[in-house]
Q: 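Before anything else, here's the structure in question.
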Amino acid sequence: MLKKAAIMIALLLGVVATGQNAFAKEQPNIEVKVISPDQVKDYPGKEATVKAQVINHTNQSIKDLVVYITMADMGKKWTVNLEDYSADKPEQIKELKAGETKEISLPIRFVYTSNYYLYVTATSAHSLEIYSSNGIPIEIIGNTKIDPTIIQIVSIGTPLLVLAFVVMNFTKNRRKRIA
Amino acid sequence: MFSLIKKEIREHVLSRKGVWIFFAIAILFSGLTYSFISVKELSLLAQVEVNMTFMKALIGISILVSIILGSTMVSGEREQGTLESLLLTPLSKVKIILSKVIGILVFWLIISIVSIPYFYALTYGTNMLLTILAYLYLIGLPLVISFSLLSLAFSSWISSSKNATLLSIVLFLVTAIPMFLSTTMKKSGFAHLVDSLSPVSSSMLTLKDWLVNKLSAVTIITDSLPVLCFLVISIICLFYSSKKMDFLGGE
């Protein structure tokens, strides 16, 4: 009987311990929130400033935080080279005191047509933990009116025209030499 | 002077070398233009970005061709022993240099004319063509001419055309360094200094502010100031170097 009771108590304690772990995951040490924009639907070339809040939920100050934009291309199922979007420079927070909230602005210029999830990530130089915000949907609509047929005509026609000029020039020079 | 200009055009623009260069440039433009519809990454670019990329390529090629041409014009004459006969004509040194500048200008004008059908195709369906052409002739032309004038100045100063070409290319590469660097690298150190002073960088900034950001005329003029300053410096350099243009061995 006592043995059974001990097992039950151990199981209950286990549940409680697991529950605490789950709670710890819900309340991370650092929280990152994207304040604005909540979504972007525009044409390529659109410039935006992503404003995000970084909150320290611990009772200790956190030093040397690096906060940066991350994007996933959901259309092509690729990651994004942020240098193309002029968004490869992170913001640095030298110190985030206990319970402190800091707001940062990260500029970005959307270049390629696709659907993306944009989120802001924060990490400290003194810890391996990475904290990311929720994603915001980005839709960059294609606005190109380039006609592939015209491109093909020009790409083939122009060198041919120049070649005709080259041949004409040679013929003219040869005639001159013969004369 | 008119006959000297005709000689320059005949030797450089209508020569076998000249017309093959135009053909090679047309092939290059065709390849680049076709890649905008065939390469997936490039086909996703906005039309304005496509035109900016093409403009950068056009200006880069134009500068490279014109500096190679300019750097061999005077030193080449000196090496071939034809400079003496030129200097013995009643034309002043400035007029001789000016006819060579016009030769380069005609060469570049033909390159720009070759590029127009490509710009037409790339700006199709938009009203960008006029802006693109305005940029090409208002900003692109002074930039190309500046580099040509400097390469001509080097060609007059240095007796070897190889050295003059090398020096001109090095100057172009130094001013074009920021184009090959990331945005982060351009924000500090030597790269930042070159980026803020380089006429190539400022011409690219002007292009972006004109086409993409659609900023005011005042901002665009401010952006293009380094290009105009570079043009003035190049003219001064060429003016002084034209005085140094002399017979081989200074006799």
Side-chain angles (χ1 to χ4, degrees), chain A residues 42-47 68 73 75-76 78 80-91 107-116 140-174 176-177, chain B residues 10 13-16 18-38 40-52 110-111 113-128 181-188 208 211-214:
Chain A
D42 218 308
Y43 294 102
K46 164 80 181 169
E47 289 190 7
Y68 53 94
D73 187 331
K76 286 188 284 180
W78 285 357
V80 163
N81 176 12
L82 288 157
E83 198 182 326
D84 294 347
Y85 297 75
S86 310
D88 55 332
K89 193 172 183 275
E91 278 287 320
I108 186 163
R109 181 164 172 262
F110 300 104
V111 183
Y112 297 115
T113 307
S114 199
N115 292 311
Y116 305 93
I140 302 301
I141 312 155
N143 66 344
T144 181
K145 288 171 186 162
I146 294 173
D147 187 343
T149 316
I150 296 175
I151 294 282
Q152 282 167 357
I153 293 167
V154 168
S155 300
I156 297 164
T158 313
L160 284 177
L161 270 173
V162 178
L163 191 65
F165 175 70
V166 172
V167 172
M168 265 170 59
N169 192 51
F170 282 165
T171 319
K172 198 179 155 189
N173 284 350
R174 186 174 282 179
K176 265 187 186 174
R177 254 181 266 145
Chain B
R10 204 173 48 243
V13 182
L14 300 172
S15 66
R16 185 178 291 187
V19 288
W20 276 116
I21 288 174
F22 295 134
F23 180 65
I25 287 172
I27 293 282
L28 204 69
F29 285 169
S30 291
L32 183 62
T33 310
Y34 192 70
S35 66
F36 287 126
I37 57 163
S38 56
K40 198 182 174 187
E41 275 285 294
L42 293 173
S43 67
L44 294 173
L45 280 172
Q47 209 161 347
V48 66
E49 298 282 341
V50 165
N51 282 285
M52 274 177 66
I110 294 175
I111 295 177
I113 290 165
V114 168
S115 74
I116 291 174
Y118 296 98
F119 276 126
Y120 170 76
L122 294 174
T123 55
Y124 185 77
T126 65
N127 54 1
M128 270 191 292
L181 299 177
S182 69
T183 42
T184 317
M185 287 173 84
K186 277 192 275 186
K187 281 175 182 161
S188 60
K208 191 181 167 189
L211 276 180
V212 180
N213 301 332
K214 293 182 170 56

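Naming: A, B, ... by sequence-line order, numbering from 1 per chain.
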Q: Do A:I151 and B:F36 have side-chain heavy atoms sitting under 4.5 Å apart?
A: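 The answer is no, as the side chains (C-beta and beyond) never meet within the 4.5 Å cut-off.
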
Q: Please check if the number of heavy atoms outside B:Y120 that lie under 6.0 Å from its OH is greater than 12.
A: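 Open: at most 12 neighbouring heavy atoms sit under 6.0 Å from OH of B:Y120.
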
Q: Which bit of B:V114 comes within less than 4.5 Å of chain A, counting heavy atoms only: side chain, backbone, both or neither?
A: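 Both parts, backbone and side chain.
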
Q: Does any heavy atom of chain A fall under 4.5 Å from the side chain of B:S15, the backbone, both, or neither of them?
A: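 Interface part for B:S15: backbone (N, CA, C, O).
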
Q: Is the shortest side-chain heavy-atom distance between B:R16 and A:V166 below 4.5 Å?
A: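 A side-chain contact is absent here, since even the closest heavy-atom pair is not under 4.5 Å.
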
Q: Do A:D147 and B:Y124 come within less than 4.5 Å of each other through their side chains, counting heavy atoms only?
A: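 The answer is yes; the side chains approach within 4.5 Å.
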
Q: Answer yes or no: is there a side-chain heavy-atom contact under 4.5 Å between B:L14 and A:F165?
A: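 B:L14 reaches A:F165 side chain to side chain.
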
Q: Within this structure, what is the CD1-CD1 distance for the pair A:I146 and B:I37, rounded to the nearest 0.5 Å?
A: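 Atom-to-atom, A:I146:CD1 and B:I37:CD1 are 8.5 Å apart.
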
Q: Can you tell which part of A:K76 gets under 4.5 Å to a heavy atom of chain B, answering side chain, backbone, both or neither?
A: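 Only the side chain of A:K76 comes within 4.5 Å of chain B.
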
Q: Taking all atoms of both residues into account, what is the closest heavy-atom pair of B:T33 and A:S155, and its distance?
A: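 For B:T33 versus A:S155, the nearest heavy atoms are CB-OG, 4.0 Å.
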
Q: Within this structure, what is the CZ-CD distance for the pair A:R109 and B:E49, rounded to the nearest 0.5 Å?
A: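 The CD atom of B:E49 is 4.0 Å from CZ of A:R109, to the nearest 0.5 Å.
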
Q: At their closest point, which heavy atom of A:I150 faces which heavy atom of B:A121, and how far apart are they?
A: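 So the minimum-distance heavy-atom pair works out to CG2-CB, 3.7 Å.
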
Q: Taking all non-hydrogen atoms of both residues into account, name the closest pair between A:V154 and B:S30 and its distance.
A: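 Scanning both residues, the minimum pair turns out to be O-OG, 4.4 Å.
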
Q: Begin from the C-alpha positions of B:F29 and A:T158 and carry the test side chain to side chain contact (heavy atoms under 4.5 Å, CB included) through to its verdict.
A: CA-CA 9 Å; B:F29 285 169; A:T158 313; over 6 Å; no

